[in-house]
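Beneath this line is the structure, given in C-alpha cells, with notes to follow.
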2 protein chains.
Amino acid sequence: MAERSRRASRPSGDDRQEAILVTTEALLQSRDFDSLSIDELAKGAGISRPTFYFYFASKEAVLLALLDRVIRQVEDRVGALSREFEADPASAWRRSIAAFVEVFSEHRAVATAAMAVRSRNVEVHDLWSRSMLSWVDYTAEVIEAERARGAAPAGLHSRDLAASLNLMNERVLLAAANGEHPAVTAGAELDVLVDVWVRSIYGVIPTSH
Amino acid sequence: MAERSRRASRPSGDDRQEAILVTTEALLQSRDFDSLSIDELAKGAGISRPTFYFYFASKEAVLLALLDRVIRQVEDRVGALSREFEADPASAWRRSIAAFVEVFSEHRAVATAAMAVRSRNVEVHDLWSRSMLSWVDYTAEVIEAERARGAAPAGLHSRDLAASLNLMNERVLLAAANGEHPAVTAGAELDVLVDVWVRSIYGVIPTSH
DNA sequence: GATTTAATCAACACCGTGTCGAGTGAAGTG
DNA sequence: CACTTCACTCGACACGGTGTTGATTAAATC
C-alpha cells in the first residue's frame, strides 16, 4: 500500500486519492463524520493538509465519492436481478429489497455519514435523492403492473405508496445498522420490510362481518 | 417583545431566554441549523455573544429546548385521544397518526433541525429516541390487543412491526415537510400512512388460487 | 448605604478551514 | 544535456466561529 512496484520516490496521484478514500471510510467505522478533521484524513493518507486540497475540495467531496461507489454497487446488484414477479411476488420483492439491505450493512459507515450530511450538503443530498427516485420509479412501475395483471388490488396512488415504502426502508435500515432505539430486531430487517411491503401492496382488509 | 411593561432598564432573564428560542426557531424557517452562528442568535435576541452563554451552553442546547417543547405538544395531543379501537380501528389509528402529522408540520423547522443534528449530538438523539420508543411501545401494545380480540391476524413480532411503521412515519413526514424528492404528494401524507399502517396490521394476503 | 446576586460584554486563546506562493523532482523537448 | 514543463507538495497566513475569563453594572435585599 505504501510503495509502488518500480520504486517511485513518490506514490502516484491515484494512490494518494485512493488512500484518502480508504482512510476516510476506515475512520468512519468508529467516528462521526463531523468529528473528522481534514488534517486527520491527510495524515492518514500520508500527506499534509494543503496537499489534501489538491485531491478533494473538501471533506464532503470525499464522502460524495464514497457514496457514489456504494450507490453504483446497489444499482449493479438490483440491475442483475430478474424482473419476474408473476410466479412468486413475495420472493421477487424480497430479492430487490435484499440488494439494498446487503449494501447498506456492508457500507454502514458511508451510508450513515451520507444520511447525516445530506441536510447541509447539496451534492450529497442530490446524489442520494436521485437514486431514491429511481428506486421509487421502479417500485411504482411494478406495483402498477401487479395491479394490471390482477395480482394486487387497487389502492393508493402507486407512487405515493412506493415512496413511503422506500423511505421506510431507508430509515429502518439506518436505525438497525447503527443499533438505534427503537429499531427492528437485528437480523430481522429483511423479513419485516418484506412483510410490510407485501401486505401494503397485496393485502386486503377483511370486511367487518 | 423588546421592553417589559413597568419599564425595567433591562429585560428580565426569562425574556432573554425566550427571545433566543424565538429567534432560533424563526431563523430555522429559512436557514440550515449548521449555518446559524451563535452570534446571530445572540444579536437576534438583543444580546452579545458571551451573554448568550449565560443562557445556553451551545446552539445545540437551544435546539434541545425547542425540541422538548414540540415533543411535549405531541404527547399532550396523543394523551388526550380516546383509546377506543373496537368500533372503527382505521379511524382510531388515523387520529393517533394525525397528532404526529400536525405537530410535525406546525414545527417543521425544529423537527428538521433536530433530525439533522441528532447524529452528532447525544442529548438531541436521546430525547428523540425516548419519545419514539414510547410511541413504538404504545403501537405494539395496541397491535397485540387487536390480535388478541381477533381483529388483526397473527403476523410479525409486534414490536418490530411497530418500530418499522413509526420509523416510516418519521421519514415520510420529514421528506414531505421539506419538499424532498422523493416524497409523498403534499397533503396526502396522512391518508398514505394510515393506509400502510392499516394494511400492515390488519391486511390479509389473498391466497393464490 | 452596603452587600449580594443576576446579568452583561470586551478581550483573549483556540481550533479548523481554505488559500497563496514558493519549492521539488520526474519526464519530456530542442 | 540544458531547460522547460507539469504534477505534486507543504509552510505560512488570513479568516471565521467557538468558548472562557474577568472586570463591570444595575437591580434586589437587608
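Naming: A, B, ... by sequence-line order, numbering from 1 per chain. As the structure is a computational prediction, the values presented were derived from the model and not from experiment.
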| task | Answer yes if the side chains of A/W197 and A/N169 hold a donor-acceptor pair under 3.5 Å, and no otherwise. | result | yes

| field | Plane angle bin for B/F56 and B/F52 - parallel if under 30°, tilted between 30 and 60°, otherwise perpendicular | value | tilted

| task | May I have the distance from B/D39 (atom CG) to D/dT18 (atom C1'), rounded to whole angstrom? | result | 11 Å

| remark: Rounded to whole Å, the CD-P distance (A/E60 to C/dG18) equals 7 Å

| request: Measure from the side-chain heavy atoms of A/Y53 and tell me the nearest of D/dT9, C/dG18, C/dC9. | output: C/dG18

| field | Among D/dT18, C/dT8, C/dT17, the nucleotide that comes nearest once only the side chain of B/I38 is considered | value | D/dT18

| A/R16 side-chain proximity, nearest of D/dT9, C/dT8, C/dT19 | D/dT9

| task | For A/F33 and C/dG16, give me the distance from atom CZ to atom P, rounded to whole Å. | result | 15 Å

| said: Does a side-chain N or O of B/S48 approach OP1 or OP2 of C/dC9 to a distance below 4.0 Å, or not? | reply: yes

| Taking only side-chain nitrogens and oxygens of A/T51, does any of them come within less than 4.0 Å of OP1 or OP2 of D/dC10? | yes

| request: Check every atom of C/dC9, D/dT20, C/dA7 against the side chain of B/I47 and return the nucleotide holding the closest atom. | output: C/dC9

| query | Between B/E40 (CD) and D/dG16 (P), how many Å, whole number? | reply | 13 Å

| note | In whole angstroms, the gap separating P of C/dC20 from CZ of A/R49 amounts to 14 Å

| note | Taking D/dT18, C/dA6, D/dA7 as options, the one with an atom nearest any side-chain atom of A/F54 is D/dA7

| message | From CG of A/D15 over to P of D/dT9, roughly how many Å is that when rounded to an integer? | response | 10 Å

| query | From the list D/dT18, D/dT9, C/dC9, which nucleotide is the closest neighbour of the side chain of B/K59? | reply | D/dT18

| remark: Of the candidates D/dC10, D/dT21, C/dT17, the side chain of B/P50 sits closest to D/dT21

| request: Could you check how far CZ of B/F52 sits from P of D/dG17, rounded to whole Å? | output: 15 Å

| Pair A/S35-A/D32, side-chain donor/acceptor within less than 3.5 Å | no

| task | Could you tell me the separation between the CD1 atom of A/I20 and the C1' atom of D/dC8, rounded to a whole number of Å? | result | 12 Å

| message | Distance alone, cut at 3.5 Å: any donor-acceptor contact between the side chains of B/Y202 and B/W93? | response | yes

| request: Would you indicate whether the side-chain heavy atoms of B/E25 and B/H107 approach each other to under 4.5 Å? | output: yes

